[in-house]
Amino acid sequence: AQSVTQLDSQVPVFEEAPVELRCNYSSSVSVYLFWYVQYPNQGLQLLLKYLSGSTLVESINGFEAEFNKSQTSFHLRKPSVHISDTAEYFCAVSDETSYDKVIFGPGTSLSVIP
Amino acid sequence: KAGVTQTPRYLIKTRGQQVTLSCSPISGHRSVSWYQQTPGQGLQFLFEYFSETQRNKGNFPGRFSGRQFSNSRSEMNVSTLELGDSALYLCASSPQAGGPRELFFGEGSRLTVL
């Protein structure tokens, strides 16, 4: 069964500094990977996804994530964060054995410090 | 296009009572998934419905149940409430069930059990 680990529960970072939020998954078959963001008092919204093809995927607001099959990772990065990036970030996985389930990691709380 | 609507947004119940939460998916979306979000456990998958049929179920006791109506609206019910049921209950819809897909989340129903 697939599972998702997010090693950092909280990440404080200064404004305009780079950030990396780590995500590792466990699955023995082909996987589909997602990053969702949850702003305070809101539901989750999709940030970016990897389904196939290029292992580097980008979002419209400057985030990117790279699928690394050998390390079973899908880390999220941004070269320069803004105050508005303060939110909870969730990594999620779905695989070809259980399409119906999208399994989420425990989340990483990103706090951007002015 | 209206987003996913969940009602009520906030509610307080006492132990032993039951509660019903409602979710209206995005128009045209036929799949509805439910998740429980708590600080300690993150997002835990409850169940998914498609065309009025439960397609998948998470590891929750039988006190948690759900259903879907012909208009794709969904309800979930929790009977004999326990203190540990206090959580944010999130509903997510998607156009189809199965396969790698984006989930569109509502803002959630925050349940407090006293």
Side-chain angles (χ1 to χ4, degrees), chain A residues 1-10 21-25 27 29-53 57 59-60 65 67 74 87-109, chain B residues 2-7 9-10 21 23-26 29-51 53-60 66 68 87-110:
Chain A
Q2 73 266 55
S3 64
V4 181
T5 303
Q6 292 182 249
L7 296 172
D8 306 301
S9 60
Q10 296 184 20
L21 306 183
R22 295 179 291 172
C23 171
N24 289 88
Y25 66 90
S27 176
V29 297
S30 297
V31 295
Y32 309 97
L33 296 157
F34 310 83
W35 276 100
Y36 283 81
V37 59
Q38 184 179 32
Y39 298 105
N41 299 314
Q42 294 186 25
L44 282 73
Q45 53 188 279
L46 183 68
L47 189 61
L48 46 76
K49 61 185 176 185
Y50 169 79
L51 302 182
S52 64
V57 291
S59 72
I60 59 174
F67 169 55
F74 191 56
E88 190 87 14
Y89 291 80
F90 294 91
C91 183
V93 64
S94 174
D95 69 29
E96 61 185 20
T97 63
S98 58
Y99 281 162
D100 290 358
K101 284 187 180 181
V102 180
I103 304 301
F104 286 82
T108 296
S109 177
Chain B
V4 177
T5 303
Q6 292 188 245
T7 57
R9 290 292 313 279
Y10 302 91
L21 309 177
C23 172
S24 293
I26 292 172
H29 286 194
R30 296 170 62 192
S31 169
V32 173
S33 300
W34 288 90
Y35 289 84
Q36 180 194 66
Q37 184 180 16
T38 58
Q41 300 294 321
L43 277 85
Q44 302 288 309
F45 174 76
L46 280 157
F47 26 65
E48 180 181 16
Y49 287 88
F50 181 80
S51 294
T53 301
Q54 187 180 88
R55 287 180 57 87
N56 217 331
K57 191 176 189 305
N59 297 322
F60 279 82
Q68 187 180 35
L88 181 67
Y89 290 88
L90 292 166
C91 166
S93 73
S94 61
Q96 76 285 345
R101 64 204 185 281
E102 178 179 357
L103 298 177
F104 296 81
F105 283 84
E107 294 183 323
S109 292
R110 185 167 296 281

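Lettering of chains follows the sequences in order, A, B, ..., and the numbering in each one begins at 1.
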Are any of the side-chain heavy atoms of [X] and [Y] separated by less than 4.5 Å?
{"X": "Val57(A)", "Y": "Leu33(A)", "result": "no"}
{"X": "Phe47(B)", "Y": "Gln68(B)", "result": "no"}
{"X": "Val31(A)", "Y": "Phe74(A)", "result": "no"}

Under a 4.5 Å heavy-atom cut-off, does chain A meet the side chain of [X], its backbone, both or neither?
{"X": "Leu103(B)", "answer": "both"}
{"X": "Gln37(B)", "answer": "side chain"}
{"X": "Arg9(B)", "answer": "side chain"}

Over 60° means perpendicular and under 30° means parallel, so classify the ring planes of Phe34(A) and Tyr36(A), tilted if in between.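 Correct class here is tilted.
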Please classify the contact between Gln6(A) and chain B as side chain, backbone, both or neither, with a heavy-atom cut-off of under 4.5 Å.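 It is neither, since no heavy atom gets under 4.5 Å.
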Non-hydrogen atoms of chain B under 4.5 Å away: do they reach the side chain of Leu51(A), the backbone, both or neither?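 Only the side chain of Leu51(A) comes within 4.5 Å of chain B.
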OG of Ser31(B) to OH of Tyr49(B): how many Å apart, nearest 0.5 Å?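 Ser31(B) atom OG to Tyr49(B) atom OH measures 12.0 Å (nearest 0.5 Å).
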